[in-house]
Structures are given as structure tokens and as C-alpha cells.
Amino acid sequence: MWITKTAILLAALMVAACGYHLRGAYDLPKGMDKIYLEGGSPIFREQLDTVLKSSAGKLVASPDKANAVLRIYNENIERRTLSLSNTGRSNDLELAGHLEFDVLDSKNAMLVTREAIDFRKEYYNDQQAAMAKDNEEIVIRKEMYQQVVRQIINRSRAALDGKGK
């Protein structure tokens, strides 16, 4: 019995030592483990919360409990038709989005001045599977916003690293 427990413990230590982390986990910069979000769509908030939770961070309910305040401006996402079939229905679609953000530290000092992020994704619209395409679009939107959250964290990391030097 103790051999099994020891083997499990050793395997866990080896996995931790090799740098393994859960899928979606992200290395948060110091000073961004508690973020307060001003603005942002529900899907953006959901993706930010997901990334923070998987990375030992937290989305807090008030700015006084936060290490950083993330403010979102002018967020929008559009769906565009790229090509039509011979019957006039859309074959290829594009989701194109834009948002602007800035980041403040806990003392209201500007960490990241207002920056813009543009994002887009093309996908094929199969007319035979209309219900599946609606679900696919939701998944694509979530993935796009996950990438936007990662860009914001990376830009904030760069600002925090520059501030520390």
C-alpha cells in the first residue's frame, strides 16, 4: 500500500518539476492575481474569469480588493459574409472584433495606457448543419476572447516588467 502511495507522490512531483501545468493555465504577472473589470461584454468577462481561475487568479467584485483594474472601451464584434453560394446564402463568414483597454494598478497609477486590439476569425458556414454552425460560432467567439484576454495579460506583463526595472 505504501509503495503505491509513494509511486503516486513521486509521479506527481516529477510532473510538477517538468513544468507541466493544466491546459488553459497561464502565468499571471505579479500584481495581476486579483483583477477588477470595468466594462466588457458577458462573454469577455466569462473568458477573463476562466483564464484567471485556471491561473490562480481571481476576478474581484470591487476595485479596492483588486491589484489591478482592467477597463474595457468600445468593444464590438461583427459578423460579415465573405462569399455566397450559387443560391445566395453565405458560405464563408468572418467574425471581426475590436476593443480598447487600459490597466491601472491598485494605486490608480496607469500600467498600460489605452491600447486597441483587433481580432478576427473566418469560418465555413455549412448550410446543411445550421444548428451546429450556431454552436460553432459561439465556440469561435469564446476562443477569440480567450486570445484577447491573453494579449491583455501579456501586454500588462510587459508594462509591469518595465515598471520594475
Side-chain angles (χ1 to χ4, degrees), residues 8-9 11-81 93-123 125 131-165:
I8 291 172
L9 178 64
L13 289 173
M14 287 178 18
V15 166
C18 76
Y20 173 81
H21 59 277
L22 292 174
R23 182 175 182 213
Y26 205 66
D27 231 2
L28 293 175
K30 189 175 181 181
M32 288 202 64
D33 56 338
K34 295 179 188 169
I35 296 177
Y36 176 73
L37 177 63
E38 286 182 12
S41 64
I43 192 168
F44 179 85
R45 179 176 293 277
E46 174 189 341
Q47 294 310 309
L48 178 62
D49 192 39
T50 300
V51 168
L52 290 174
K53 282 181 180 176
S54 68
S55 305
K58 185 177 181 182
L59 196 56
V60 295
S62 68
D64 55 316
K65 294 179 182 176
N67 295 339
V69 176
L70 172 60
R71 299 187 300 193
I72 304 296
Y73 309 94
N74 302 326
E75 179 187 355
N76 64 26
I77 191 163
E78 295 178 347
R79 183 177 179 209
R80 300 180 199 156
T81 301
L93 295 170
E94 176 186 59
L95 292 174
H98 172 85
L99 66 78
E100 297 170 12
F101 75 97
D102 62 24
V103 181
L104 306 169
D105 68 9
S106 58
K107 298 172 186 155
N108 285 332
M110 190 69 66
L111 289 176
V112 179
T113 57
R114 195 164 175 165
E115 292 188 26
I117 296 178
D118 292 308
F119 49 101
R120 66 187 64 241
K121 177 82 173 178
E122 297 175 16
Y123 67 99
N125 184 28
M131 292 295 285
K133 285 297 156 188
D134 286 342
N135 290 335
E136 181 180 6
E137 185 173 322
I138 291 168
V139 170
I140 290 171
R141 285 177 186 254
K142 286 181 179 182
E143 288 173 352
M144 290 170 67
Y145 275 109
Q146 233 176 32
Q147 291 174 355
V148 168
V149 166
R150 290 178 185 274
Q151 283 185 35
I152 290 171
I153 290 171
N154 284 337
R155 292 181 186 184
S156 300
R157 174 182 289 114
L160 284 166
D161 287 348
K163 184 180 176 183
K165 291 181 179 179

### Side chains of Met144 and Ile77 in contact at under 4.5 Å (non-hydrogen atoms)
yes
If you take all heavy atoms of [X] and [Y], which pair is closest and at what distance?
X      : Y      : answer
Val112 : Ala159 : CG2-CB, 3.7 Å
Ala66  : Ser106 : O-CB, 3.6 Å
Arg155 : Ala116 : NH1-O, 3.2 Å

### Message
Let's go through Glu75 and Tyr145 carefully: what are the C-alpha distance in whole Å and the side-chain angles of both, what is the deciding distance for side-chain contact (heavy atoms from CB on, under 4.5 Å) to 0.1 Å, and is it a yes or a no?
### Response
CA-CA 11 Å; Glu75 179 187 355; Tyr145 275 109; 2.7 Å; yes
### Query
Any ion pair linking Arg79 and Glu137 (charged N to carboxylate O, less than 4.0 Å)?
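Answer for the salt bridge query: yes.
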### Task
Under the side-chain hydrogen bond (donor to acceptor under 3.5 Å, both in side chains) rule, collect the residues that match up with Arg45, sequence neighbours excluded.
none
Interatomic spacing from [atom1] in [X] to [atom2] in [Y] - rounded to 0.5 Å:
X      : Y      : atom1 : atom2 : answer
Asn67  : Leu104 : CG    : CG    : 13.0 Å
Leu70  : Phe44  : CG    : CZ    : 5.0 Å
Tyr73  : Arg114 : OH    : CZ    : 5.5 Å
Phe119 : Gln146 : CZ    : CD    : 13.0 Å
Lys121 : Gln147 : NZ    : CD    : 7.5 Å
Glu122 : Leu95  : CD    : CG    : 10.0 Å

### Task
Take Lys58 and Lys65, measure what side-chain contact (heavy atoms from CB on, under 4.5 Å) needs, and give me the verdict at the end.
CA-CA 10 Å; Lys58 185 177 181 182; Lys65 294 179 182 176; over 6 Å; no
### Task
In sequence, state the C-alpha distance, the side-chain angles, and the governing distance for Lys142 and Thr50, and then conclude on side-chain contact (heavy atoms from CB on, under 4.5 Å).
CA-CA 11 Å; Lys142 286 181 179 182; Thr50 300; over 6 Å; no
#### Entry: Distance-only side-chain donor-acceptor flag, Asp118 / His98, under 3.5 Å
yes
### Task
Determine yes or no for a side-chain-to-main-chain donor-acceptor pair under 3.5 angstrom, with Gln47 supplying the side chain and Val149 the backbone.
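Pair absent, no side-chain N/O of Gln47 close to backbone of Val149.
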### Task
Ignoring hydrogens and angles, tell me if any N or O in the side chain of Ser55 forms a donor-acceptor pair with the backbone of Leu52 under 3.5 Å.
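Not a single qualifying donor-acceptor pair exists.
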### Query
Taking only residues two or more places apart in sequence, or in another chain, which ones meet Lys53 in a side chain to side chain contact (heavy atoms under 4.5 Å, CB included)?
Asp49
